[in-house]
Amino acid sequence: MCSTEIGGTPENTPVTKTPVIAPVSAVATADIARKAEHRCLSALSTRALHTATLEVTRPSVTNSPDGGHDIDVVGSSEEVKELVGTMTGIEPEKLKFLGSDTNTGKINVRIDVKSGKTVSADMIDNHAANSSRSPTFHVHLLLFTNPELKITKEAQKKLSQQKDSFENIGVLIDVVQPEGLKRIETENKARALSADHEASGQSESEPK
Amino acid sequence: MSTSLNLVIYQRNGDDLVEEGMRTARCEQIPLSTLNTIREKFPSQKRNIYYDGAKEDFFEIDYFARDDVPKIINWLRIIFNNLLIHEYKLLNSEADTPFSQPKDSNLTLFNNLPSQRELDPTSVAIAKFRILISLIDIFSEMQAKYVTEPGAILKLG
């Protein structure tokens, strides 16, 4: 079983010993990464449309180092826990340990979007380091969009250790698998259909 | 959009590398366009990393070849000097267009940073130096501390 890491192209690349790769793949990767960010932004913004408090922002559109801040979400404790629960598969009631902003009572979420095929152990190390450097956030998600995603054994082990460690300070650190984003998109579609249905029902019942 | 350049120490198993028990020595976030420019001159390589000693599951990584590391350090140090000269000239010029792209071909390392159009020249210069120093630091750490460690890899992404 093989999966391809972030730096490569998303297509199935044949595994050979030490081939030289064309630099153009980095350009392709940049475009794939940009599109993955926009897909997440779109799904989260549509979600926010149906909530009372969620605000979604993209802190930086430059290609300068951003410390893993691709998308930020802020909102009420209830709505953020519901969103995080949908993305991660964690029951919202199991997120009681989450802290919130002492002034606003809101929860701040940092999302780092990745388009590669593999969650490797060094990525979890870096995600934990970026999370420590963003102390005003309560949720740190490494969100993957590639449907062929694989999490290595060592990455899973490190993630589990880091989750326990961050939970002790009221912070959630986790990986969102592509199904998590898909669940948000599916819920968005269902809400849109329901809204359309309600609108058409209302117009039919309106007096002519 | 940026990616990371990671100095990772994998476990060795014969001629193969294994992720179980790995350590991350250093991680630097670098703009993709900058890494792409380095790869044009020093193409990255691919190799397999096994999940564990059973060597059944593996993933593929891109990395900079060990033999290229001293050459990359020398090249980056030349760019550092060129950047100093370029920024000094820029600081002392009265040109209306302070964001002109550098003529020195090596300084294309810093082209395509959209922030250059949004920030003042000093902030742009600081960003360029920060990226360049991050690169010099991680390649130098690899060369200084891990040159004899076969499990040490400069992994992209």
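Chain naming here is simple, since letters A, B, ... match the order of the sequence lines and numbering starts at 1 in each.
- Note that OG of S4(B) and NZ of K114(A) are 5.5 Å apart. Values are rounded to the nearest 0.5 Å.
- Contacts of I124(A) with chain B are absent, with no heavy-atom separation under 4.5 Å from either backbone or side chain.
- Using a 4.5 Å heavy-atom threshold, the side chains of D125(A) and M22(B) count as touching.
- Residue E20(B) holds its CD atom at 6.0 Å from NZ of K157(A), rounded to the nearest 0.5 Å.
- Partners of S134(A) under the side-chain contact (heavy atoms from CB on, under 4.5 Å) rule, at least two apart in sequence or in another chain, are H69(A), R110(A), F137(A), H140(A).
- Within 6.0 Å of CD on E149(B) lie more than 12 heavy atoms contributed by other residues, nucleotides or ligands.
- Counting only heavy atoms from C-beta outward, the side chains of F58(B) and T118(A) never approach each other to under 4.5 Å.
- Between the CE atom in M123(A) and the SG atom in C27(B) there is a gap of 10.0 Å [rounded to 0.5 Å].
- Looking only at distances, no side-chain donor or acceptor of E19(B) sits under 3.5 Å from a matching main-chain atom of T152(A).
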Check residues 84-100 of chain A and write down every donor-acceptor pair under 3.5 Å in which the side-chain atom is one partner and the other belongs to a residue at least two apart or another chain.
unit_1: T86(A); atom_1: OG1; unit_2: E82(A); atom_2: O; d: 2.8
unit_1: T88(A); atom_1: OG1; unit_2: V84(A); atom_2: O; d: 2.7
unit_1: T88(A); atom_1: OG1; unit_2: I90(A); atom_2: N; d: 3.2

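- Counting all heavy atoms, side chain and backbone alike, D122(A) lies closest to G157(B) at OD2-O, 3.8 Å.
- Atom NZ of K55(B) is surrounded by more than 12 heavy atoms from other residues, nucleotides or ligands within 6.0 Å.
- No donor-acceptor pair under 3.5 Å is formed between the side chain of E154(A) and the backbone N or O of Y51(B).
- Interatomic distance, OG of S120(A) versus NZ of K155(B), reported as 3.5 Å (0.5 Å rounding).
- No more than 12 heavy-atom neighbours from other residues, nucleotides or ligands sit within 6.0 angstrom of CZ on R23(B).
- Only the side chain of Y10(B) has a heavy atom closer than 4.5 Å to any heavy atom of chain A.
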